Amino acid sequence: MHSTPYLKPLNYFRNAVKSGEFLITAEVSPPKGGDSTSMLKMAQLLKGRVHAVNITDGSRAVLRMCPLAASAILLQHGIEPICQVACRDRNRIGLQADLMGANALGIHNILALTGDPVKAGDHPDCKAVFDLESVRLLQLIDKMNHGFDWNGKPLTDGATDLFVGAAVDPQSHSWSGLQRRFERKLQAGAQFFQSQLIADFDRLEKFMNQIAAGTNKPILAGIFLIKSAKNAQFLNRCVPGIEIPQSIVDRLATAKDPLREGMKIAAEQVQMAKGICHGVHLMAIKREDLIPEILDMAGISSIAKSV
């Protein structure tokens with residue numbers, strides 16, 4: 001029998017997946033420091049507009065508050081988190097400890113990631129762990145959900161109940177590699193998939209028709225608010241797996257108001273995704289306050305939530 005968690009768990013996201021709703025999630029970075037006020041303010045602006053708020057785990061290997069604590073803070077304020085868990089910084093003992101802690105706190109949505117390389121971040125000389133990678137992390141979570149640790153020993157104080165997702169890159173240059181890794185993540189227990197920034201929607205549609213068809217697991221297309229041509233060039237240069245086409249760079253470069261143009265582009269992409277896949281994951285770094293307006297521009301109304 002499970003003890004009552006300190007924080008009331010929320011199941012909006014899992015229920016929306018099960019009922020086949022068009023899913024909306026948005027990304028919020030944890031604070032860099034001990035004050036969560038700014039993060040919380042951004043997340044509260046998303047209430048009623050997204051099914052869950054995705055909390056990053058050292059994205060781009062840049063130091064931030066741990067996502068477990070940040071997710072707990074959101075849950076205290078009635079905001080459902082998806083807690084990212086990356087393999088870069090913790091071995092399998094630390095990963096299992098954090099996952100048990102998340103479950104006990106009522107944090108049940110997990111996005112299992114390998115993690116960005118430390119060389120990309122602000123502590124390039126630190127030691128990477130990578131004891132596991134994302135597929136084995138998914139396998140670990142599946143074991144824990146069945147009441148066993150990585151070594152097959154029983155979790156004597158109860159199984160976890162974690163709803164786990166994985167990353168996917170429909171724009172991968174290796175089609176066979178994309179298919180193989182997607183299928184491995186499915187077999188390892190992924191219940192939903194979140195993509196990297198999507199700029200090629202023909203490629204996304206091909207992925208949905210040729211690889212993801214019939215899997216019955218939702219795919220959320222990553223939609224990024226690109227604030228300027230300079231921002232687009234930075235993303236192309238510095239973020240692995242991102243390829244923003246020159247047509248978008250040029251459109252932003254010639255716009256009178258690049259930020260407003262970036263919002264229009266994001267809204268157009270949300271509309272395109274709605275005709276192709278099961279949802280969108282919105283990323284608007286430091287401008288999460290603009291996400292509700294982007295959703296309005298895309299014709300996406302407020303979300304009716306039921307636990």
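No experiment lies behind these values; they were computed from the predicted model shown. For reference, positions follow the sequence shown, starting with 1.
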Say whether [X] and [Y] are linked into one hydrophobic cluster, either directly or through other cluster members, by side-chain heavy-atom distances under 4.5 angstrom.
X: Ile55; Y: Ile24; result: yes
X: Leu220; Y: Phe163; result: yes
X: Ile276; Y: Phe22; result: yes
X: Val118; Y: Leu113; result: no
X: Leu235; Y: Leu252; result: yes

Which pair of non-hydrogen atoms, one from [X] and one from [Y], has the smallest distance, and what is that distance?
X: Gln84; Y: Glu27; result: NE2-OE1, 3.7 Å
X: Ala167; Y: Leu111; result: N-CD1, 4.5 Å
X: Ala16; Y: Leu23; result: CB-CD2, 3.6 Å
X: Ile107; Y: Ser71; result: CD1-CB, 3.7 Å
X: Leu40; Y: Leu74; result: CD1-CD2, 3.9 Å
X: Ala26; Y: Ile291; result: CB-CD1, 3.7 Å

Can you tell me how far [atom2] of [Y] sits from [atom1] of [X], rounded to the nearest 0.5 angstrom?
X: Ile285; Y: Ser59; atom1: CD1; atom2: OG; answer: 6.5 Å
X: Ile141; Y: Leu162; atom1: CD1; atom2: CG; answer: 6.0 Å
X: Ser172; Y: Gln179; atom1: OG; atom2: CD; answer: 11.5 Å
X: Asn151; Y: Gln96; atom1: CG; atom2: CD; answer: 7.5 Å
X: Cys83; Y: Ile110; atom1: SG; atom2: CD1; answer: 4.5 Å
X: Ile226; Y: Ile244; atom1: CD1; atom2: CD1; answer: 3.5 Å

Residues which pass salt bridge (Lys or Arg N to Asp or Glu O under 4.0 Å) with Asp149, listed by chain and number, not counting sequence neighbours =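 Here no residue qualifies.
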For Arg90, which residues count as a salt bridge (Lys or Arg N to Asp or Glu O under 4.0 Å) partner, sequence neighbours excluded?
->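 Once residues adjacent in sequence are excluded, the partners of Arg90 under the salt bridge (Lys or Arg N to Asp or Glu O under 4.0 Å) criterion are Asp57, Asp98.
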Any donor-acceptor pair under 3.5 Å from [X] side chain to [Y] backbone:
X: Ser195; Y: Val168; answer: no
X: Ser228; Y: Pro258; answer: no
X: Gln171; Y: Ala199; answer: yes
X: Lys143; Y: Trp150; answer: yes
X: Gln191; Y: Gly189; answer: yes
X: His281; Y: Gly222; answer: no
X: Arg49; Y: Ile300; answer: yes
X: Asp116; Y: Gly121; answer: no

Would a 4.5 Å heavy-atom cut-off, applied to side chains only, mark [X] and [Y] as touching?
X: Pro81; Y: Leu75; value: yes
X: Ile303; Y: Tyr12; value: no
X: Arg14; Y: Asp161; value: yes
X: Ile198; Y: Phe207; value: no
X: Val270; Y: Leu282; value: yes
X: Glu261; Y: Arg251; value: yes
X: Leu105; Y: Leu68; value: yes
X: Leu155; Y: Met100; value: yes

In terms of heavy-atom contacts, does CD1 of Ile93 have more than 12 from other residues, nucleotides or ligands at under 6.0 Å?
->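 Atom CD1 in Ile93 is not packed in, count stays at 12 or less.
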CG (Asn216) with more than 12 external heavy atoms under 6.0 Å =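 No - once you tally the heavy atoms of other residues, nucleotides and ligands closer than 6.0 Å, there are 12 at most.
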Qualifying residues under ring-ring contact (aromatic ring centres under 6.0 Å, His included), relative to Phe224, sequence neighbours excluded |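 With neighbours one apart ignored, the set is empty.
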With a 4.0 Å cut-off, would you call Arg203 and Asp169 a salt bridge?
->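 Here Arg203 does not pair with Asp169 in a salt bridge, since their nearest N and O are not under 4.0 Å apart.
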Salt bridge (charged side-chain N to carboxylate O under 4.0 Å, His left out) between Glu133 and Arg181, intermediate numbers included = CA-CA 12 Å; Glu133 45 69 53; Arg181 194 146 180 85; 2.9 Å; yes
Trace of the side-chain contact (heavy atoms from CB on, under 4.5 Å) decision for Leu290 with Met263 | CA-CA 8 Å; Leu290 296 176; Met263 292 172 68; 4.0 Å; yes
Which class fits the ring pair Phe193 and Phe182: parallel under 30°, tilted 30 to 60°, perpendicular over 60°?
->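 The rings of Phe193 and Phe182 sit tilted, inter-plane angle from 30° to 60°.
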Write out all pairs satisfying salt bridge (Lys or Arg N to Asp or Glu O under 4.0 Å) with one or both partners inside residues 211-236, taking only residues at least two apart or from two chains.
->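 Found none.
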Not counting sequence neighbours, which residues clear side-chain hydrogen bond (donor to acceptor under 3.5 Å, both in side chains) with Arg260? List them please.
->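 Only Glu293 meet the side-chain hydrogen bond (donor to acceptor under 3.5 Å, both in side chains) criterion with Arg260.
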For His108 and Phe13, what are the C-alpha separation, side-chain angles and deciding distance, and is it a side-chain contact (heavy atoms from CB on, under 4.5 Å)?
-> CA-CA 10 Å; His108 294 294; Phe13 181 69; over 6 Å; no
Could you check Ile242 against Asn236 for side-chain contact (heavy atoms from CB on, under 4.5 Å), going step by step and ending with a plain yes or no?
-> CA-CA 6 Å; Ile242 285 184; Asn236 278 341; 3.8 Å; yes
Take Glu80 and His51, measure what side-chain contact (heavy atoms from CB on, under 4.5 Å) needs, and give me the verdict at the end.
-> CA-CA 7 Å; Glu80 182 169 0; His51 291 96; over 6 Å; no
Listed by chain and number, what are the side-chain contact (heavy atoms from CB on, under 4.5 Å) partners of Gln210, not counting sequence neighbours?
->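 Here the qualifying residues are Trp175, Lys206.
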